[in-house]
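One structure is given below, encoded as structure tokens.
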Amino acid sequence: MTKIKKVVVIGGTGLIGSKAVKLLQDAGHEAVVASSRNGINAYTGEGLQAALAGVDAVIDVSNMMSFDKDVITDFFGTSSRNLTSAEQAAGVYNHVTLSIVNADQLAANPYMAGKLTQEEAVASSGQAYTIVRATQFHEFIETLTGAYAADGAVKVPDIDFQPIAATDVAAALVQAALGEPKNETIDLAGPERAPFGSFIRAYLDAKGDVRPVTADAAVDYFGAPVAKGSLVPGGEYIKGQITIAQWLKA
Ligand SMILES: NC(=O)c1ccc[n+]([C@@H]2O[C@H](COP(=O)([O-])OP(=O)(O)OC[C@H]3O[C@@H](n4cnc5c(N)ncnc54)[C@H](OP(=O)(O)O)[C@@H]3O)[C@@H](O)[C@H]2O)c1
């Protein structure tokens, strides 16, 4: 019989975190829903020591949306240092962080700079870890569409895209948390790679939105210059299962 594990999900009330909590519970494991509103704050350290007692693994899917590089870098760096040092003190076996594919190549985007700082804080902490870098979520396509929309059209970067459903991300994180720490970074992407604009088109079509979608090589990714492969894994990766068509239908 598989050993029942206790896993703390930092950001357990969020999009990915709530799905990870449910997957853990459905598999018979103990999941602790950690969030600042629940009195467990990765950034200030509040509640961490008590929450980590007797814990096997931590999944960190906390988030802060800011495009102020100093603010976002401080949030992810400080939170990761607090978490990994509290985990070492508590004897936690595996720290799993969710980052973003190619975050290191996109650091001109302030949010990506924050994620890179997060990765560096974890990798240099001395705590056993697994960093999972995912591509953009299907659930994020709505935000992307809004960001690239202007004057009755949507103009996007002329690059490849390979989004993944939040459900597939949560499943990969749970698998990583229940396994051995890899002490390295692994990539995770959706089942289909295609031009960025084709996913925006599919999303708009599903909503009956007829705005034209065009691709332009001069369009960047929130401040980061991008080329064809900038948002997709360059090597081996774990592949999610849920296609954009299946996700839109559901
Ligand atoms: N969007 C994408 O396409 C994409 C792609 C790859 C990776 N990611 C990464 O995925 C991760 C999860 O994103 P998400 O969309 O699931 O986030 P989300 O829905 O915004 O949820 C964020 C969670 O973090 C918690 N949180 C915020 N500050 C906290 C703190 N100081 N201490 C403890 N918990 C805190 C929030 O709860 P409280 O407010 O109660 O604290 C909430 O539960 C992010 O790190 C993001 O970088 C995103």
Side-chain angles (χ1 to χ4, degrees), residues 8-23 31-48 50-52 58-67 71-84 86 95-104 106-107 109-119 121-122 131-147 161-174 176 185-190 196 199-200 203 221-222 230-233 237-238 240 244 247:
V8 170
V9 182
I10 305 287
T13 57
L15 171 67
I16 302 295
S18 56
K19 291 179 188 298
V21 165
K22 181 156 190 328
L23 287 172
V32 177
V33 179
S35 89
S36 63
R37 270 168 279 193
N38 287 353
I40 303 170
N41 192 319
Y43 181 72
T44 64
E46 178 199 355
L48 284 187
L52 294 175
V58 168
I59 297 174
D60 180 14
V61 282
S62 60
N63 195 22
M64 173 198 252
M65 271 319 295
S66 168
F67 276 98
V71 170
I72 200 76
T73 298
D74 178 46
F75 173 79
F76 281 121
T78 303
S79 297
S80 294
R81 283 188 292 277
N82 286 344
L83 283 171
T84 49
H95 174 94
V96 177
T97 293
L98 178 58
S99 187
I100 303 176
V101 163
N102 297 332
D104 52 336
L106 298 164
N109 167 330
Y111 186 81
M112 293 290 183
K115 297 302 286 182
L116 186 57
T117 299
Q118 179 183 40
E119 292 186 0
V122 169
I131 294 172
V132 178
R133 280 181 168 178
T135 53
Q136 287 64 37
F137 310 151
H138 290 343
E139 286 80 354
F140 192 52
I141 291 176
E142 181 177 7
T143 302
L144 290 171
T145 303
F161 202 47
Q162 197 170 348
I164 182 164
T167 301
D168 280 339
V169 176
L173 293 172
V174 166
T185 300
I186 54 180
D187 278 354
L188 173 66
F196 194 111
F199 292 94
I200 306 290
Y203 169 75
Y221 189 70
F222 301 105
S230 291
L231 294 185
V232 296
Y237 62 93
I238 300 167
I244 189 70
W247 182 81

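Read the numbers this way: they start at 1 and go in the same order the structure lists the ligands and their atoms. For clarity, every value in this text was computed on a predicted model and none was experimentally measured. This chain uses plain numbering: 1 for the first residue, then up along the sequence.
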Run the side chain to side chain donor-acceptor pair (under 3.5 Å) test against T78 and tell me which residues pass, sequence neighbours left out. D74
Select all protein residues for which some heavy-atom-to-ligand 1 distance is less than 4.0 Å, and list them by chain and number. I10, G11, T13, G14, L15, I16, S35, S36, R37, I40, N41, A42, Y43, V61, S62, N63, F75, L98, S99, I100, Y111, K115, A134, T135, Q136, F137, F140
Evaluate the ring planes of Y43 and F75, with Trp represented by its six-membered ring, and classify them as parallel (under 30°), tilted (30 to 60°) or perpendicular (over 60°). parallel
Could you tell me which residues satisfy salt bridge (Lys or Arg N to Asp or Glu O under 4.0 Å) with D104, sequence neighbours excluded, listed by chain and number? R133
Fit a plane to each ring of F67 and Y111, take the angle between them on a 0 to 90° scale, and name the class: parallel (under 30°), tilted (30 to 60°) or perpendicular (over 60°). tilted
Could you tell me which residues satisfy salt bridge (Lys or Arg N to Asp or Glu O under 4.0 Å) with R81, sequence neighbours excluded, listed by chain and number? none
Pair H95-D60, side chain to side chain contact (heavy atoms under 4.5 Å, CB included): steps then yes or no: CA-CA 8 Å; H95 174 94; D60 180 14; 4.0 Å; yes
